[in-house]
**Student:** 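Structure below; questions to follow.
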Amino acid sequence: TVTYNTVIWGFCQQGLANQAFGLLSEMVKKCIDIDSFSCNILLEGFCRIELLKYAQWVKDNLENGGVFGNVISMNILIHAYCKAGEMNYALELMEKMEKEGIFPDIITYNTLIHGFCKTGLFIKAKDLIDKISVSSHNEEGDALVKIDDTKPNLITYTTLISAYCKRQGLEEALSLYEEMVKNGFLPDVVTYSSIIYGLCKHGKLTEAKLLLNEMGKMGVDPNHVTYTILVDLLLKAGNASEAVVLHGHMITRGILFDTVVYTSLIDGLFKTRKSYEAEEIFGLLTKLNIVPNCFTYTVLIDGRSKLGHISGAQSALKEMEERRLVPN
RNA sequence: GCGAUCUCGAGAAG
């Protein structure tokens with residue numbers, strides 16, 4: 001079962017949930033148990049390629065076959081609805097699961113809070129946090145049973161802080177940060193990165209750099225995302241020399257360079273009239289084992305087009321299609 | 001005895 005699940009997982013990661021689904025019948029034929037892991041891996045696979053209805057269908061069928069979902073299955077579906085902005089369906093699902101005796105956990109709540117934030121419903125997000133912050137009681141109302149694992153955690157706070165940084169004021173984000181620390185949660189690299197992102201977007205680059213130093217002192221190492229935020233903004237703000245310094249730190253500290261890091265660099269270089277360097281980096285990607293994605297090519301096409309290099313832009317488009325990337 | 005598979009938060013383009 002675990003072997004099959006691992007293969008199913010592999011297909012799903014590649015966006016091939018349909019083929020993964022085919023393995024289920026093979027399992028049935030060979031009398032290999034299908035468990036809730038098989039179910040959840042597949043559900044996530046269909047959700048990731050946005051075949052939400054199909055995921056639902058698979059789940060219903062598995063349940064008819066005696067394989068029952070759990071809270072994770074529901075979280076996967078709720079997450080998919082949130083991602084699609086269908087908060088009503090997401091909430092409906094949560095009610096449904098409660099009726100079936102599957103209780104939401106903190107991941108369910110975090111998923112919903114993220115969904116609310118993404119659709120701008122901050123009030124609802126806040127309401128939900130308030131609701132899960134109070135101690136739960138057992139059925140007798142004995143106020144004895146405290147269900148701690150549905151109380152807000154670091155991720156709950158970080159979700160909201162990040163959303164505030166993007167869509168509300170920085171002040172709200174920072175006061176929430178203080179509240180979080182007061183409640184005993186120490187920020188991790190994601191929390192710090194979110195705030196650094198907010199500071200950068202509000203033009204507070206000095207503060208952002210200060211925070212970068214502070215997190216190091218607190219024993220939280222910045223990672224490739226943290227650096228991308230800063231390098232991207234420094235470069236695009238015309239502060240190439242500082243961007244280069246940080247880029248150097250990334251190298252000396254052995255930070256991972258992924259497709260996003262490079263795409264951001266290429267874009268920043270094009271936008272600051274350094275197309276030669278931009279092209280140079282793009283040319284190196286294959287050697288560096290970096291697979292350019294749709295974003296990367298759009299940046300390249302945009303950069304070349306705006307310089308009047310139409311044929312270069314066209315060849316980039318062609319190359320993209322050769323790589324079986326679908327232009328959007 | 002231990003070990004393989006599932007769900008939540010941060011970054012790039014138009």
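Chain identifiers are assigned alphabetically (A, B, ...) following the order of the sequence lines, protein sequences preceding nucleic acid strands; residue numbering begins at 1 within each chain. Both backbone and side-chain heavy atoms feed into the values below; hydrogens, waters and symmetry mates do not.
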**Student:** What distance do A/M180 atom CE and A/L174 atom CG have between them, rounded to the nearest 0.5 Å?
**Tutor:**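 Taking CE in A/M180 and CG in A/L174, the distance rounds to 11.5 Å.
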**Student:** For A/K118, does the NZ atom sit with more than 12 other heavy atoms under 6.0 Å from it, leaving out its own atoms?
**Tutor:**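 Yes, because the 6.0 Å sphere around NZ of A/K118 holds more than 12 heavy atoms from other groups.
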**Student:** Contact class for A/V225 (heavy atom, under 4.0 Å): base, sugar-phosphate, or nothing?
**Tutor:**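 The residue A/V225 makes base contact.
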**Student:** Please report, rounded to the nearest Å, how far the P atom of B/G9 is from the CG atom of A/L128.
**Tutor:** 15 Å
**Student:** Under 4.0 Å between a side-chain N/O of A/K166 and OP1 or OP2 of B/G9, yes or no?
**Tutor:** no
**Student:** Identify which nucleotide among B/A10, B/A12, B/A13 has an atom closest to any side-chain atom of A/T263, counting heavy atoms from C-beta outward.
**Tutor:** B/A12
**Student:** Output the rounded distance in Å from CG (A/L199) to C1' (B/A10).
**Tutor:**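 For the pair A/L199 CG and B/A10 C1', the rounded distance is 13 Å.
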**Student:** Go through the N and O atoms of the side chain of A/T158 and the base of B/G9, and report whether any donor-acceptor pair is under 3.5 Å.
**Tutor:**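 Side chain to base: pair found, below 3.5 Å.
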**Student:** To the nearest Å, give me how far apart CE (A/M94) and P (B/C8) are.
**Tutor:**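 Answer to the nearest Å: 18 Å.
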**Student:** Does a distance-only test, which skips hydrogens and angles, find a donor-acceptor pair under 3.5 Å between the side chain of A/T228 and the base of B/G11?
**Tutor:**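 Indeed there is one.
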**Student:** Not counting sequence neighbours, list each pair that qualifies as a ring-ring contact (aromatic ring centres under 6.0 Å, His included) and has a residue in residues 181-203 of chain A.
**Tutor:**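 ring-ring contact (aromatic ring centres under 6.0 Å, His included) check on residues 181-203 of chain A returns A/Y157-A/F185.
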**Student:** So what does A/V261 hit on the nucleic acid, given a heavy-atom distance under 4.0 Å: a base, only sugar-phosphate, or nothing?
**Tutor:**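 Base contact - A/V261 has a heavy atom under 4.0 Å of at least one base atom.
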**Student:** For a quick check of understanding: with a heavy-atom distance under 4.0 Å over all strands, which category does A/S264 fall into, base, sugar-phosphate or nothing?
**Tutor:**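 The residue A/S264 makes sugar-phosphate contact but no base contact.
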**Student:** Quick one: does A/D258 reach the base of B/G11 with a side-chain donor-acceptor pair under 3.5 Å?
**Tutor:**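 Between B/G11 and A/D258, which were checked side chain against base, a qualifying N/O pair under 3.5 Å is present.
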**Student:** Check side chain to side chain contact (heavy atoms under 4.5 Å, CB included) between A/A208 and all other residues, then give those that pass, not counting sequence neighbours.
**Tutor:**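 With sequence neighbours excluded, A/A208 shows a side chain to side chain contact (heavy atoms under 4.5 Å, CB included) to A/I196, A/L199, A/C200, A/L230, given in chain and number order.
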**Student:** Name the closest nucleotide to the A/K306 side chain, picking from B/G14, B/G11, B/G9.
**Tutor:**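 Closest nucleotide to the A/K306 side chain: B/G14.
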**Student:** Under 4.0 angstrom, heavy atoms only, what part of the nucleic acid is A/N223 near: base, sugar-phosphate, or nothing?
**Tutor:** base
**Student:** Measuring to OP1 and OP2 of B/A12, would you say a side-chain N or O of A/Y197 lies under 4.0 angstrom away?
**Tutor:** yes
**Student:** Identify the stems formed by RNA chain B, where each pair is Watson-Crick or G-U wobble with both distances under 3.5 angstrom and a stem is at least 3 consecutive pairs.
**Tutor:** none
**Student:** For A/F122, which residues count as a ring-ring contact (aromatic ring centres under 6.0 Å, His included) partner, sequence neighbours excluded?
**Tutor:**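 Listed in chain order: A/Y164.
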**Student:** Please report, rounded to the nearest Å, how far the C1' atom of B/A12 is from the CG atom of A/L300.
**Tutor:** 14 Å
**Student:** Between A/T158 and A/T191, do the side chains contain an N or O donor and an N or O acceptor separated by less than 3.5 Å?
**Tutor:**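 Side-chain D/A pair, A/T158 to A/T191: present.
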**Student:** Using the salt bridge (charged side-chain N to carboxylate O under 4.0 Å, His left out) criterion, which residues pair with A/R167? Sequence neighbours excluded.
**Tutor:** none
**Student:** Provide, to the nearest angstrom, the distance between the CD1 atom belonging to A/I229 and the C1' atom belonging to B/G9.
**Tutor:**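 Rounded to whole Å, this separation is 12 Å.
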**Student:** Run the ring-centre check on A/F257 versus A/H247 and record whether the distance is less than 6.0 Å.
**Tutor:**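 Yes, the ring centres sit under 6.0 Å apart.
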**Student:** Using a 4.0 Å heavy-atom cut-off across all strands, classify A/K236 as base, sugar-phosphate, or nothing.
**Tutor:** sugar-phosphate
**Student:** OP1 or OP2 of B/A10 sitting under 4.0 Å from any side-chain N/O of A/K118?
**Tutor:**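 For B/A10, neither OP1 nor OP2 has a side-chain N or O of A/K118 closer than 4.0 Å.
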**Student:** Provide a list of protein-nucleic acid N or O atom pairs under 3.5 angstrom, restricted to nucleotides 3-7 of chain B.
**Tutor:**
{"residue": "B/U5", "atom": "O2", "partner": "A/N5", "partner atom": "ND2", "Å": "2.9"}
{"residue": "B/C6", "atom": "O2", "partner": "A/N40", "partner atom": "ND2", "Å": "2.5"}
{"residue": "B/U7", "atom": "O2", "partner": "A/N75", "partner atom": "ND2", "Å": "2.7"}

**Student:** Does the base of B/A10 carry an N or O that pairs as donor and acceptor with the side chain of A/S193 under 3.5 Å?
**Tutor:** yes
**Student:** Select base, sugar-phosphate, or nothing to describe what A/T298 touches, counting heavy atoms under 4.0 Å on all strands.
**Tutor:** base
